[in-house]
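Each chain gets a letter, A, B and so on, in the order the sequences are listed, and its residues count up from 1.
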There are 2 protein chains.
Amino acid sequence: MAAMARAATTSDAFNAIAEPQRRDILALLRAGERPVTDLAQELGMSQPGASKHLRVLREVGLVRVREAGKQRLYGLDARGLRPVHEWLGGFERYWNESFDRLDTYVQDLKQTRQED
Amino acid sequence: MAAMARAATTSDAFNAIAEPQRRDILALLRAGERPVTDLAQELGMSQPGASKHLRVLREVGLVRVREAGKQRLYGLDARGLRPVHEWLGGFERYWNESFDRLDTYVQDLKQTRQED
DNA sequence: TTGACGTATTCCGATATGGGAATATGATGG
DNA sequence: CCATCATATTCCCATATCGGAATACGTCAA
């Protein structure tokens, strides 16, 4: 376990969804299960590309596979997104009035403006 | 514009918050502004480490700096988290009953459960 | 000025990414 | 068994990461 440069994409839901294409895949899967090729085509990526992304999503548990004869149907398992949502929940109260909360900040701004 | 290996951490709020330490910093900043050294110490990271993470957060707009004499006070700007929250919102309905939605999948599960 | 403090930057190394291309594996229907 | 379709894996490359160590920069107080 030598120095890790950046957390693996498979280490976290956070890391897994950092990649836009992966987010797109998840979004598409809300509509229902899909085979790899479908996804690849719909999202304009190569089949290997899609497979790779799906692998990551699978390892993080955001996606499940089901064998269906020749095909493998990928389905959404959104439970893994919950931790992310919960973490964000702790910030909801802040993103409307971030600055009002920073009491000192506001006063400072007022002063600064008057001083100029 | 040569091949990008992985999206820059500064390209997105998604990417910026993929790093646990960065998440910790943001969480701490909810309590109010803080100088770098404070954060570093409280989170058990080096000062340069903290500075680097703060740089990323600043570039993504999740954090604001204010000069206060010898110090630089960092404050939370949670507005940048909103896109992430909104994206996640599209999944809330799924993470409780992900499988019910996957019609075909469900039947499969029922079987599996009975087999256990 | 000088010293001391607070902070940012630079250089380094090890690591893993995502994309393209090629190829391997797998299952199906003749 | 073979050809074909569906999917996964491998190899290669350019890139950027995070961490540590050292150092540069900025500001204040005496």
With [X] via side chain to side chain contact (heavy atoms under 4.5 Å, CB included) - residues at least two apart:
| X | answer |
| --- | --- |
| B:R6 | A:R6, A:T9, A:N15 |
| B:A68 | B:L73 |
| B:T37 | none |
| A:R55 | A:R58, A:E59 |

Residue-phosphate contact under 4.0 Å: [X] side-chain N/O, [N] OP1/OP2:
| X | N | answer |
| --- | --- | --- |
| B:Q21 | D:dG19 | yes |
| B:R6 | D:dT15 | no |
| B:R22 | D:dC18 | yes |
| B:R55 | C:dT9 | yes |
| B:Y74 | C:dA8 | yes |

Looking for any heavy atom pair under 4.0 Å, which part of the strands does [X] touch: base, sugar-phosphate only, or nothing?
| X | answer |
| --- | --- |
| B:G69 | sugar-phosphate |
| A:E67 | nothing |
| A:T9 | sugar-phosphate |

DNA chain D contacts made by residues 11-20 of chain A, counting heavy atoms under 4.0 Å: none
Please write out each protein N/O paired with an N/O of nucleotides 20-25 of chain D under 3.5 Å, distance rounded to 0.1 Å.
residue	atom	partner	partner atom	Å
D:dG20	O6	B:K52	NZ	2.5

Pairs involving residues 14-28 of chain B, ordered by first then second residue, that meet salt bridge (charged side-chain N to carboxylate O under 4.0 Å, His left out) (sequence neighbours left out): A:D12-B:R23
Candidates C:dG26, C:dT7, D:dT7 - which lies nearest the side chain of A:K70: C:dG26
Residues which pass salt bridge (charged side-chain N to carboxylate O under 4.0 Å, His left out) with B:R34, listed by chain and number, not counting sequence neighbours: B:D38, B:E42
Pairs flagged by ring-ring contact (aromatic ring centres under 6.0 Å, His included) wherever residues 54-86 of chain B is involved - sequence neighbours left out: A:H85-B:H85, A:W95-B:H85
A:V36 or B:T10, whichever maps to the more 5' nucleotide of DNA chain D: A:V36
In whole Å, what is the span from the [atom1] atom of [X] to the [atom2] atom of [N]?
| X | N | atom1 | atom2 | value |
| --- | --- | --- | --- | --- |
| B:R34 | C:dT7 | CZ | P | 12 Å |
| B:H53 | D:dT17 | NE2 | C1' | 10 Å |
| B:E59 | D:dA16 | CD | P | 13 Å |

Pairwise side-chain contact, A:I17 with A:L62, heavy-atom cut-off 4.5 Å (strictly under): yes
Nearest-0.5 Å distance, CD of residue B:Q21 to NZ of residue B:K52: 11.5 Å
